[in-house]
Participant: 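Encoded as C-alpha cells, here's the structure I'll be asking about.
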Amino acid sequence: MALVVQRVFDEYHQYMKEHRDTRSASLPLTNEPWPVMILIATYLFVVLKAGPEYMANRKPFDLKNVIRVYNVLQVIANGAFFVTIMYLLLQRQNFSLVCQPVDYSTTREGFQELYLSYGYFLLKVLDLADTVFFVLRKKQSHVSFLHVYHHAVMVLMTYLAVVFVPGGHVFMLGVWNSLVHAVMYFYYFLASYQSQDTIWWKKYLTRLQLVQFVHLGFHFGRPALSGMDCGFPRIWHWVGFGQAIFICSMFLDFYVKAYVAKNRKGSSKSTKMR
C-alpha cells in the first residue's frame, strides 16, 4: 500500500513539473493543491455537518447588515472584473472570444491573463461565504446539492485553470459568470429590503443563468466535438463542456419546478375557481 501511495505522489509531482504553469507557483493557494483541497473539505464539513449541528439548538443569527455589505462587495467585485476583462481582451486585435489559445509567455499580456484568472479564482473562494450565511441563519433548506456542488466545483475548477490553463478559451467562463454574479448579487441586495415577489425580474435572472450555461456548453462543446484546434488543451474543452451541460440541466430542473410547474398549478386553481 505504501508503495502505491508513493507511486501516486511521484506521478503527481512529475505531472505538475511537466504541465503546470510555473508563473503561478508564487501566488497564494496555488503552489500546491493541499491548501485548496483543505479549503474545499473544510467548506463541505462546515456547511453539511458541523454548521447544522452547531446551529441545531441555537437561534438564527441576524446577519442582515453583514449580508448587505457582502452583496454590495460582490456586485462591485464582479462588476469591476467584468469591465476589466472585457476592456483588456477587446483592446487586443488578435484576441478571439470564440477560439483562443492560452498565452503562457512572460509578456505583459501573458501576465494580464494569469492575474485575471487568479482574480476570478479568488472571487469563487469568496462565493463560499454564501453557504455559511445560510447555515448561520438556519436556512439549511437552501443548502441544496446544486448550491453546494456548484460552489465547491467552481473553486476546484478555477484553481486548476490558474495552474494549467490561465486564460485563452476559458476566459468566456469568467466573462459570463462575473456578469451574471453582478446582476445576481444586486438582486439579493434589493431582496434584503423588500419581498422577493415584488422584484418582477427575478425569473429573468434564472433565464440569464440558463443562457450562460447553454452558451458555455456550445463554447466548449464545439471544439471538443469537432476537433477544432484552438491551441487550448483538448481535455479542458471536454471538462468545460461536461460541466456546462451538467449545471445547465440542474438549473433547468430548478427553473421548471420554481416557475413553469408553479404557474401551471396556479392556472389550474384559477380554472377550478371559475
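Residue numbers count from 1 along this sequence. For the numbers below, each heavy atom of this structure counts, side chains included, while hydrogens, waters and symmetry mates do not. Keep in mind it's a predicted model, so treat the numbers as computed, not measured.
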Participant: Mind checking disulfide bond (SG atoms under 2.5 Å apart) for C230 and listing every partner two or more places apart, or none if nothing turns up?
Facilitator: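 With sequence neighbours excluded, C230 shows a disulfide bond (SG atoms under 2.5 Å apart) to C99, given in chain and number order.
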Participant: What about L205 and V256, same hydrophobic cluster or not, with Ile/Leu/Val/Met/Phe/Trp/Tyr joined at side-chain heavy-atom distances under 4.5 Å?
Facilitator: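 Yes, because L205 and V256 connect within a single hydrophobic cluster, where side-chain heavy atoms sit under 4.5 Å apart.
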Participant: Taking the side chain from H147 and the backbone from V143, do they hold a donor-acceptor pair closer than 3.5 Å?
Facilitator: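 No; zero donor-acceptor contacts below 3.5 Å.
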Participant: Taking the side chain as C-beta and beyond, is there a heavy-atom pair between L208 and Y204 under 4.5 Å?
Facilitator: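 They are not in contact (no side-chain heavy atoms under 4.5 Å apart), so the answer is no.
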Participant: Please name the pair of heavy atoms, one in Y159 and one in L29, separated by the smallest distance, quoted to 0.1 Å.
Facilitator: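 Looking at all heavy atoms of both residues, the closest pair is CE1-O, 3.6 Å.
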Participant: Testing the basics here: between Y43 and T131, what is the closest heavy-atom pair and its distance to 0.1 Å?
Facilitator: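 Smallest heavy-atom distance, with atoms named: OH-OG1, 2.6 Å.
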Participant: If I compare all heavy atoms of P52 with all of V46, which pair ends up nearest, and what's the gap?
Facilitator: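 In terms of heavy atoms, the two residues are closest at CD-O, 3.4 Å.
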Participant: For a 4.5 angstrom cut-off between non-hydrogen side-chain atoms, does W201 reach L190?
Facilitator: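 Of all side-chain heavy-atom pairs linking L190 with W201, at least one is under 4.5 Å.
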Participant: According to the interplanar angle, ranging from 0 to 90°, do the rings of H169 and F232 count as parallel (below 30°), tilted (30 to 60°) or perpendicular (above 60°)?
Facilitator: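 If you compare the ring of H169 with that of F232, the planes turn out tilted.
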Participant: Go through the structure and list residues passing side-chain hydrogen bond (donor to acceptor under 3.5 Å, both in side chains) with R222, not counting sequence neighbours.
Facilitator: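 R222 satisfies side-chain hydrogen bond (donor to acceptor under 3.5 Å, both in side chains) with no other residue.
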Participant: Heavy-atom count around F186 CZ within 6.0 Å, excluding the residue itself: above 12?
Facilitator: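 No, CZ of F186 has 12 or fewer neighbouring heavy atoms, counting only those of other groups under 6.0 Å.
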Participant: With sequence neighbours excluded, what pairs up with H142 under the ring pair (Phe, Tyr, Trp, His ring centres under 6.0 Å) test?
Facilitator: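 For H142, the residues satisfying ring pair (Phe, Tyr, Trp, His ring centres under 6.0 Å) (neighbours in sequence not counted) are F134.
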Participant: Count I, L, V, M, F, W, Y as connected when their side-chain heavy atoms are under 4.5 Å apart, and connections chain through other members. Are V98 and L88 then in the same cluster?
Facilitator: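 V98 does not cluster with L88.
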Participant: From L63 CG over to K139 NZ, what is the distance, rounded to the nearest 0.5 angstrom?
Facilitator: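 Atom-to-atom, L63:CG and K139:NZ are 11.5 Å apart.
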Participant: Could you name each residue pair satisfying salt bridge (charged side-chain N to carboxylate O under 4.0 Å, His left out) that touches residues 80-98, not counting sequence neighbours?
Facilitator: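 Applying salt bridge (charged side-chain N to carboxylate O under 4.0 Å, His left out) to every pair that reaches into residues 80-98, excluding sequence neighbours, yields R92-E113.
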Participant: I'd like to check the ring pair (Phe, Tyr, Trp, His ring centres under 6.0 Å) partners of H181; sequence neighbours left out, ordered by chain and number.
Facilitator: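 Here the qualifying residues are Y185.
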Participant: Which residues pass the salt bridge (charged side-chain N to carboxylate O under 4.0 Å, His left out) test with D127, not counting sequence neighbours?
Facilitator: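 D127 satisfies salt bridge (charged side-chain N to carboxylate O under 4.0 Å, His left out) with K124 once adjacent residues are dropped.
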Participant: Measuring from atom CZ of F171 to atom OH of Y120, what distance do you get when rounded to the nearest 0.5 angstrom?
Facilitator: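 Spacing of CZ (F171) from OH (Y120) equals 11.5 Å.
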Participant: Is there a side chain to side chain contact (heavy atoms under 4.5 Å, CB included) between L116 and F81? Walk through the geometry before answering.
Facilitator: CA-CA 8 Å; L116 283 171; F81 183 87; 4.1 Å; yes
Participant: Evaluate the side-chain proximity of M37 to L156: yes if any heavy-atom separation is below 4.5 Å, no if none is.
Facilitator: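 Yes; the side chains approach each other to less than 4.5 Å.
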Participant: Can V175 be reached from F218 by stepping across I, L, V, M, F, W or Y side chains whose heavy atoms are under 4.5 Å apart?
Facilitator: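 They do not share one cluster, since no chain of ILVMFWY contacts under 4.5 Å joins F218 to V175.
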Participant: Do D253 side-chain atoms and S249 backbone N/O form a donor-acceptor pair below 3.5 Å?
Facilitator: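 Not a single qualifying donor-acceptor pair exists.
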Participant: Rounded to the nearest 0.5 Å, what separates atom OG1 in T30 from atom CG in L160?
Facilitator: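 Here the interatomic distance stands at 11.5 Å.
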Participant: Do Y188 and Y70 come close enough that some side-chain heavy atom pair is under 4.5 Å?
Facilitator: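 Y188 vs Y70: side chains apart.
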Participant: In Å, rounded to the nearest 0.5 Å, how long is the span from CG of N71 to CG of D130?
Facilitator: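 Going from the CG atom of N71 to the CG atom of D130 covers 8.0 Å.
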Participant: Where is the tightest heavy-atom contact between Q209 and V180, given as atom of each residue plus distance?
Facilitator: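 Closest heavy-atom pair between Q209 and V180: CG-CG1, 3.6 Å.
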Participant: Roughly how far, to the nearest 0.5 Å, is CG of L39 from CG of L44?
Facilitator: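 Interatomic distance, L44 CG to L39 CG, rounded to 0.5 Å: 9.5 Å.
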Participant: Show, in sequence, the C-alpha distance, side-chain angles and deciding distance for T42 and F45, and conclude whether the side chain to side chain contact (heavy atoms under 4.5 Å, CB included) test is met.
Facilitator: CA-CA 5 Å; T42 302; F45 176 71; 5.7 Å; no
Participant: Quick one: side chain to side chain donor-acceptor pair (under 3.5 Å) pairs with a partner in residues 78-91, sequence neighbours left out?
Facilitator: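 Counting only pairs at least two positions apart or across chains, the side chain to side chain donor-acceptor pair (under 3.5 Å) contacts touching residues 78-91 are Q74-N78.
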Participant: Side chain to side chain contact (heavy atoms under 4.5 Å, CB included), that's the test. Do R137 and I67 meet it? Break it down for me.
Facilitator: CA-CA 11 Å; R137 295 168 60 212; I67 293 175; 3.4 Å; yes
Participant: Going by ring pair (Phe, Tyr, Trp, His ring centres under 6.0 Å), name the residues that satisfy it together with Y149, two or more places apart in sequence or in a different chain.
Facilitator: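 With sequence neighbours excluded, Y149 shows a ring pair (Phe, Tyr, Trp, His ring centres under 6.0 Å) to F145, F246, given in chain and number order.
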Participant: Same hydrophobic cluster for Y193 and V72, using side-chain heavy-atom links shorter than 4.5 Å among ILVMFWY?
Facilitator: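 Yes.
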Participant: Angle between ring planes, F213 versus F251, binned at 30° and 60°: parallel, tilted or perpendicular?
Facilitator: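 Correct class here is tilted.
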Participant: Say you draw a straight line from CG of D21 to CG of D103; how long is it, rounded to the nearest 0.5 Å?
Facilitator: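 With rounding to 0.5 Å, CG (D21) is 10.0 Å from CG (D103).
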Participant: Among the clusters formed by ILVMFWY side chains lying less than 4.5 Å apart, do V153 and I235 turn up in the same one?
Facilitator: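 Same hydrophobic cluster.
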Participant: For residues 55-68, pull every pair meeting side chain to side chain donor-acceptor pair (under 3.5 Å), keeping only residues two or more places apart or in separate chains.
Facilitator: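 Qualifying pairs, neighbours excluded: R68-S192.
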Participant: Please walk me through it: do F61 and V66 pass side chain to side chain contact (heavy atoms under 4.5 Å, CB included)?
Facilitator: CA-CA 11 Å; F61 284 91; V66 173; over 6 Å; no
Participant: Locate the shortest heavy-atom distance separating L136 from M55; write the atom from each residue and the value.
Facilitator: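 Scanning both residues completely, I find the closest heavy atoms to be O-CE, 3.2 Å.
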Participant: Check side-chain contact (heavy atoms from CB on, under 4.5 Å) between L122 and all other residues, then give those that pass, not counting sequence neighbours.
Facilitator: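 With neighbours one apart ignored, the set is Y118.
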Participant: For the pair H215 and W176, name the ring-plane relationship: parallel under 30°, tilted 30 to 60°, perpendicular over 60°.
Facilitator: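 Because their plane-to-plane angle lies in the 30° to 60° range, the rings of H215 and W176 count as tilted.
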Participant: Who passes side-chain hydrogen bond (donor to acceptor under 3.5 Å, both in side chains) against S178, sequence neighbours left out?
Facilitator: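 Residues passing side-chain hydrogen bond (donor to acceptor under 3.5 Å, both in side chains) with S178: none at all.
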Participant: State, yes or no, whether a side-chain contact exists between P166 and V102 at a heavy-atom distance under 4.5 Å.
Facilitator: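 Yes - at least one pair of side-chain heavy atoms lies under 4.5 Å apart.
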Participant: I'd like to check the side-chain contact (heavy atoms from CB on, under 4.5 Å) partners of P101; sequence neighbours left out, ordered by chain and number.
Facilitator: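 With neighbours one apart ignored, the set is empty.
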Participant: What pair of heavy atoms forms the shortest contact from V163 to S24, and how long is it?
Facilitator: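 Looks like CA-OG, 4.1 Å.
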